[in-house]
Amino acid sequence: MTPETRQQALAGATLTYDGRELALPVVRGTEDEVALDIEKLRGATGAITLDPGFGNTGSCRSAITFIDGEKGILRYRGYPIDELAERSTFLEVAWLLINGELPNRAQLSAFTGDVTHHTLLHESFRRFFEALPKDAHPMPVCAAAVAALATFYQEPETDKKMSETAVRLIAKMPTLAAYSYKHSIGQPFMYPRNSLDYSATFLHMMFATPCEDGDPDPLLAKTLDLLLILHADHEQNCSTSTVRTVGSSGANLFASISAGISALWGPLHGGANQQVIEMLEKIEAEGGDVQVFVNRAKDKKDNSRLMGFGHRVYKNYDPRAQVLKRSCTEVLNRLGIRSRQLEIAMKLEEIALKDDYFISHKLYPNVDFYSGIIYKALGIPVNMFTVMFAIGRMPGWIAQWLEMRHDPATRIARPRQIYTGAVKRPYVEMERRGT
Ligand code: CMC
């Protein structure tokens, strides 16, 4: 397209339907993304749009995260993900996402202090965990626990209260997650330790016991912090859209985020990191023949997919996977761990990236492809992997929810449908319904 024709295309679009014409205004983002505004469509034509999975639908304007899936770009508030991963901490990134700017020294210190002082759970919360079966998956436990937090903080939602809720959620999520794990293995809960940083406290609550209470390995804590940064936001994905949708009804932040955790649990979303490790374990147990598995993932009659591959938005290498691949090798080398699963993952990637099916479908490794291998090296049990994603995504969910709440354009989320059921028919009495 020449610059002139492009300028014309951006001037506006016209939709012709049933003999009528409707001008569709063009909306442009700061990175030149283009949307056709269809707000007047139904009123003017009686028609709606049909877009299963919302692949072509923008649900909001947002200033938080930018992704260019074709180029493999991810930025939080304008900052490239690889720079944040290398140079910042998770709490710095949380502040950035929520407030729009990197914190100065005083702001970061005050925020860190606030988060640190809200990590404790009310003592009566222990009974919440005791009521659940020991083998409960930690994701529904965390979703229920976050919803239950709303029963402890029931004050009306002023701006000040919403900020406090945001701090409480970031602070208490690791405690809830670690307690759900301790409950599942029958060990006593460990209180957070205020002298440790955010990620180290979590490792302490997960792995220390009253009998053995050393300091967590700083390398492991730093690696965990990196993972949390990479997961912190990803614009309008399934769980974030859920958080916004629930919040658009006026539901509070605890309830909205609890719904987001449930959405994240699914194997096509955050649950994929657990599925990747299970896939690698299966390939290892079956003798390590990677090609057989790649063939099955391509076979339409077989419903296996190459987990950790493909993405709705990225049609190029997911930049988070690139950071994680580097970190995976570094961490395993420094810990002196030889991982057969990392070898299998690298082989899988090598074969898939040269395979016509994966090339033509633009399927590349996503964030979940390497994260499970690192979580394993950190000692995190497989069924906690998605919980780790939820801890990381918390500031993103909060930032998106607050943006939705403060946006005057927000309306209750209420999509339409095309009805395909029976047309009007008379009620059938029981004796005439057959057997
Ligand atoms: N392995 C084999 N084929 C695949 C895969 C895969 N992992 N992913 C997509 N395809 C094929 C799919 O069969 C379809 O082929 P065809 O057009 O020939 O019928 C085509 O690619 C498009 O797939 P889709 O399911 O329509 O794409 P989508 O955008 O709706 O789904 C996805 C995106 C992430 C759900 C999908 O790629 C997938 O299931 N990947 C595996 C699960 C996974 O790793 N999820 C984590 C996503 S990243 C973390 C997050 O943000 O949640």
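What you see below is based on every heavy atom in this structure, not just the backbone, and it leaves out hydrogens, waters and symmetry mates. Numbering of ligands and ligand atoms starts at 1, following listing order.
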Counting heavy atoms only, which part of Y357 comes closer than 4.0 Å to ligand 1: side chain, backbone, both or neither?
->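 The answer is the side chain.
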
Is there at least one pair of N or O atoms, one from F309 and one from ligand 1, spaced under 3.5 Å apart?
->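 Right, the criterion is met.
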
Could you tell me whether H361 approaches ligand 1 through its side chain, its backbone, both or neither, with non-hydrogen atoms closer than 4.0 Å?
->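 Answer for H361: side chain.
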
Taking the side chain as every heavy atom from C-beta outward, state whether L96 and E92 have any pair of such atoms under 4.5 Å apart.
->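 They are not in side-chain contact.
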
Does ligand 1 have a heavy atom under 4.0 Å from the side chain of H311, from its backbone, from both, or from neither?
->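 Both backbone and side chain.
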
Heavy atom under 4.0 Å from ligand 1: found in L268's side chain, backbone, both, or neither?
->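 For L268, backbone and side-chain atoms both sit under 4.0 Å from ligand 1.
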
Could you tell me whether R312 and ligand 1 have an N or O pair separated by under 3.5 Å?
->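 Such a contact does occur with ligand 1.
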
Heavy atom of the protein closest to atom 49 (C) of ligand 1 (residue, atom name, distance) =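 Going atom by atom, the protein heavy atom closest to atom 49 (C) of ligand 1 ends up being D368 OD2, 3.3 Å.
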
Considering only protein heavy atoms, determine whether one is less than 4.0 Å from atom 21 (O) of ligand 1.
->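 Yes, there is one.
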
Please confirm whether G308 comes within less than 3.5 Å of ligand 1 when only nitrogen or oxygen atoms on both sides are compared.
->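 Yes; the residue has a nitrogen or oxygen that sits under 3.5 Å from a nitrogen or oxygen of the ligand.
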
List the closest protein heavy-atom neighbour of atom 26 (O) of ligand 1: residue, atom name, distance to the nearest 0.1 Å.
->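 Atom 26 (O) of ligand 1 sits closest to the protein heavy atom R305 NH2, 4.9 Å.
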
What is the closest protein heavy atom to atom 7 (N) of ligand 1, and at what distance does it sit?
->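 The closest one turns out to be L306 O, 2.7 Å.
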
